[in-house]
Q: 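Sharing a structure, written as structure tokens. Questions coming.
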There are 2 protein chains.
Amino acid sequence: MGTTQLESVQEPKYWHLKTVLSEALDSDFAVGEILPNERELAARFGVARATLRQALEQLELEGRLQRRRGVGTTVAPPRVGVAVSTAQRDWSGGGAVEAWQPVDCTTAVAPSSVTSVLDVEADEPVHIVRRIRVTHGQTVAAELLYVPSSSVPELSAIEAPSGPARARGVLRELHRLGLDGQDRSVELGSARADDAKELDRLPGAPVLVVTTRYLAAGGTAALSVATYRADTCRLTFGDSGDLEISHHDQERRAS
Amino acid sequence: MGTTQLESVQEPKYWHLKTVLSEALDSDFAVGEILPNERELAARFGVARATLRQALEQLELEGRLQRRRGVGTTVAPPRVGVAVSTAQRDWSGGGAVEAWQPVDCTTAVAPSSVTSVLDVEADEPVHIVRRIRVTHGQTVAAELLYVPSSSVPELSAIEAPSGPARARGVLRELHRLGLDGQDRSVELGSARADDAKELDRLPGAPVLVVTTRYLAAGGTAALSVATYRADTCRLTFGDSGDLEISHHDQERRAS
DNA sequence: TAGTGGTCTAGACCACCCT
DNA sequence: GGGTGGTCTAGACCACTAA
């Protein structure tokens with residue numbers, strides 16, 4: 001029997017649906033426009049709502065759509081480029097348009113995975129600074145910055161023991177310390193409940209976790225774990241400006 | 001009427017399930033071990049299979065699990081750190097343990113998003129080199145490297161017009177050109193069908209898309225779009241070695 | 001051929017936002 | 001209160017893998 005294969009080898013419905021929707025987004029919708037609701041879209045395409053949702057989830061993951069409970073599904077703007085490598089050493093975070101804003105600061109025992117990197121005892125409390133990063137009026141990242149007491153020896157105990165004021169104090173001392181360099185890694189994660197709240201997303205939302213180790217005087221001065229909204233952010237590295245290419249356009253290349 | 005709120009504010013089942021499973025993975029399972037199948041797990045936890053799958057999907061996204069159709073669900077090893085910033089300029093890709101392997105090379109018209117970055121006419125064909133990156137015996141990334149003819153003027157037309165040999169020729173010429181620097185960006189995407197095949201994943205699998213612009217002589221010499229497996233990879237930047245911290249451990253910190 | 005994960009359905013109810 | 005997306009169910013069938 002001949003094995004002449006049909007052209008299409010059983011492409012899943014949701015995958016095909018995603019392609020169709022993607023093209024429709026390009027041609028028929030403007031950024032910010034509201035799509036028909038899920039029940040109507042499902043009916044229009046003749047699929048179950050769950051199947052349609054699978055396609056929408058993919059498009060949201062790729063930054064093409066934005067869905068908000070109680071509101072609707074809208075066409076997302078292109079991802080914003082967020083610089084990661086440079087200008088991070090300015091601990092003050094003041095003045096710049098894109099800045100980290102200190103939210104809180106506590107002193108507590110860090111997870112063992114953190115203490116081992118920081119070269120401190122597992123049960124030794126460290127300063128934990130909470131910051132958020134705001135770009136174009138939107139919170140794009142939430143960070144936990146772990147700072148051993150030894151890195152900020154001159155931090156006055158008289159200052160506010162917690163809160164934003166304390167956070168600024170720790171950052172100021174860290175700034176005075178100076179830095180020799182930094183190590184960074186990026187991986188995919190899902191937002192914890194507290195991060196999700198800051199980022200205005202549901203828990204479990206996909207995030208890019210940027211882990212940075214700040215080096216000073218031959219040791220690790222601080223460790224930062226920053227979670228960026230994966231749906232709206234494109235992390236940029238290097239000296240030059242923005243790279244204006246979107247993965248989405250990539251997908252339409254000839255194969 | 002009193003509004004005394006219950007302690008637990010309606011945590012979704014799949015979220016709680018994910019937590020329970022995550023803890024079980026830490027205590028009761030070894031890396032590589034096979035979990036009970038989905039139908040049994042669902043029954044054991046008293047939920048529908050779809051609900052269980054939602055939890056498993058999250059855990060897979062976080063790199064804790066690996067699922068393969070027809071085989072089963074296994075406990076994933078920790079993510080491998082993959083260096084991105086350095087050693088990339090060695091176009092030869094030979095000798096190193098972690099190396100890019102040329103797979104193919106064609107000459108075709110690139111998408112407009114690519115040509116605009118490369119400063120070439122929209123209808124001008126460019127060299128498109130296909131490479132894969134193999135680490136520890138596993139393919140962790142698939143790349144498309146776009147090279148304008150003007151960047152490799154001395155490429156002999158006599159050489160193989162396509163295939164791996166051609167790819168090596170283009171890379172060799174690019175190496176001779178030298179580089180002034182590079183711009184990079186990282187964002188979340190989903191694997192196209194061809195990338196998915198190289199990465200041994202299903203289409204739509206989450207990937208980290210690394211877009212690199214190589215600069216030479218004041219212009220853009222080449223553009224690389226590399227898709228890394230988001231489930232198994234942690235991208236590392238900077239000079240020093242590995243950062244041994246996992247986001248997963250982060251999640252258990254006191255809040 | 002048996003067993004796995006992947007896809008799909010047609011419902012239901014809930015949490016949330018807006019008016 | 002009415003409409004939205006988010007969660008959940010209990011099934012069914014399919015594609016793939018390995019024995």
Side-chain angles (χ1 to χ4, degrees), chain A residues 3 5-6 8-19 21 33-61 65-76 190-191 193 196-197 200-206 231, chain B residues 3 5-6 8-19 21 33-61 65-76 190-191 193 196-197 200-206 231:
Chain A
T3 55
Q5 202 146 17
L6 272 319
S8 159
V9 279
Q10 267 292 15
E11 191 176 47
K13 274 190 188 179
Y14 78 91
W15 187 260
H16 180 245
L17 205 51
K18 180 193 138 184
T19 307
L21 284 169
E33 201 171 341
I34 301 182
L35 268 62
N37 71 53
E38 296 183 350
R39 290 162 180 85
E40 182 179 334
L41 278 177
R44 192 179 297 185
F45 287 106
V47 298
R49 192 179 153 215
T51 304
L52 174 84
R53 278 180 60 81
Q54 215 171 338
L56 293 184
E57 264 150 38
Q58 284 256 346
L59 289 170
E60 190 179 31
L61 196 80
L65 291 179
Q66 194 159 348
R67 300 191 289 172
R68 271 181 304 169
R69 171 158 48 178
V71 180
T73 301
T74 57
V75 181
S190 51
K197 194 175 177 184
D200 190 29
R201 301 257 63 198
L202 291 177
D231 55 343
Chain B
T3 55
Q5 201 149 17
L6 272 319
S8 160
V9 279
Q10 267 293 16
E11 192 177 48
K13 274 190 188 177
Y14 79 91
W15 187 259
H16 180 246
L17 205 51
K18 181 193 137 183
T19 307
L21 283 169
E33 202 171 341
I34 300 182
L35 268 62
N37 70 53
E38 296 183 351
R39 289 163 180 85
E40 183 178 333
L41 279 177
R44 191 179 297 184
F45 287 106
V47 298
R49 193 179 152 215
T51 304
L52 174 84
R53 279 179 59 81
Q54 215 172 338
L56 294 184
E57 264 149 39
Q58 284 254 350
L59 290 170
E60 190 179 31
L61 197 79
L65 291 178
Q66 193 159 348
R67 300 190 289 172
R68 274 180 302 168
R69 171 156 50 177
V71 179
T73 301
T74 56
V75 181
S190 51
K197 195 174 177 186
D200 192 27
R201 301 258 62 198
L202 290 178
D231 56 342

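Not measured: the values here are computed from a predicted model. Letters go in sequence order (proteins before strands), and every chain restarts at 1.
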Q: If I take atom CZ in residue A/R67 and atom P in nucleotide C/dC16, what distance separates them, rounded to the nearest angstrom?
A: 17 Å

Q: Please state how far atom CD1 in B/I34 lies from atom C1' in C/dG3, giving the value in whole angstrom units.
A: 12 Å

Q: Looking for any heavy atom pair under 4.0 Å, which part of the strands does B/L202 touch: base, sugar-phosphate only, or nothing?
A: sugar-phosphate

Q: Taking atom C1' of C/dC16 as reference, at what distance in whole Å does atom CG of A/D200 sit?
A: 12 Å

Q: Find the distance B/L35:CG to C/dG5:P and express it as a whole number of Å.
A: 9 Å

Q: Hey, are the side chains of A/Q54 and A/P12 touching, using non-hydrogen atoms and a 4.5 Å cut-off?
A: no

Q: Side chains of residues 65-76 of chain A: which donor-acceptor pairs under 3.5 Å do they make with residues two or more places apart or in other chains?
A:
| unit_1 | atom_1 | unit_2 | atom_2 | d |
| --- | --- | --- | --- | --- |
| A/R67 | NE | A/E60 | OE1 | 3.4 |
| A/R67 | NH1 | A/E38 | OE2 | 3.3 |
| A/T74 | OG1 | A/Q66 | O | 3.4 |

Q: Taking 4.0 Å as the cut-off, does a side-chain nitrogen or oxygen of B/N37 come that near to OP1 or OP2 on C/dT4?
A: yes

Q: Working to the nearest 0.5 Å, report the span between CG of A/L202 and OG of A/S190.
A: 12.5 Å

Q: Heavy atoms only, 4.0 Å cut-off, all strands: where does B/R39 land among base, sugar-phosphate and nothing?
A: base

Q: Want to settle it: does B/G70 or A/Y14 sit nearer the 5' end of DNA chain C, counting the closest nucleotide to each?
A: B/G70

Q: So what does B/R49 touch, heavy atoms closer than 4.0 Å: a base, only the sugar-phosphate, or nothing?
A: base

Q: Rounded to the nearest 0.5 Å, how far apart are CZ of B/R53 and CG of B/L56?
A: 7.5 Å

Q: Compare all side-chain heavy atoms of B/F45 with those of B/T51 and state whether any distance is below 4.5 angstrom.
A: no

Q: Does B/Y14 reach the side chain of B/E57, with side-chain heavy atoms less than 4.5 Å apart?
A: no

Q: Might you confirm whether atom CG of B/D200 has over 12 heavy atoms from other residues, nucleotides or ligands at distances under 6.0 Å?
A: no

Q: Calculate the interatomic distance between A/R201 atom CZ and C/dC16 atom C1'; express it in whole Å.
A: 14 Å

Q: Closest nucleotide of DNA chain C for B/A50 versus for B/P36: which of these residues is on the 5' side?
A: B/P36

Q: I'd like the 5' and 3' limits of the part of DNA chain D contacted by chain A, with heavy-atom contacts below 4.0 Å.
A: D/dG3 to D/dA15

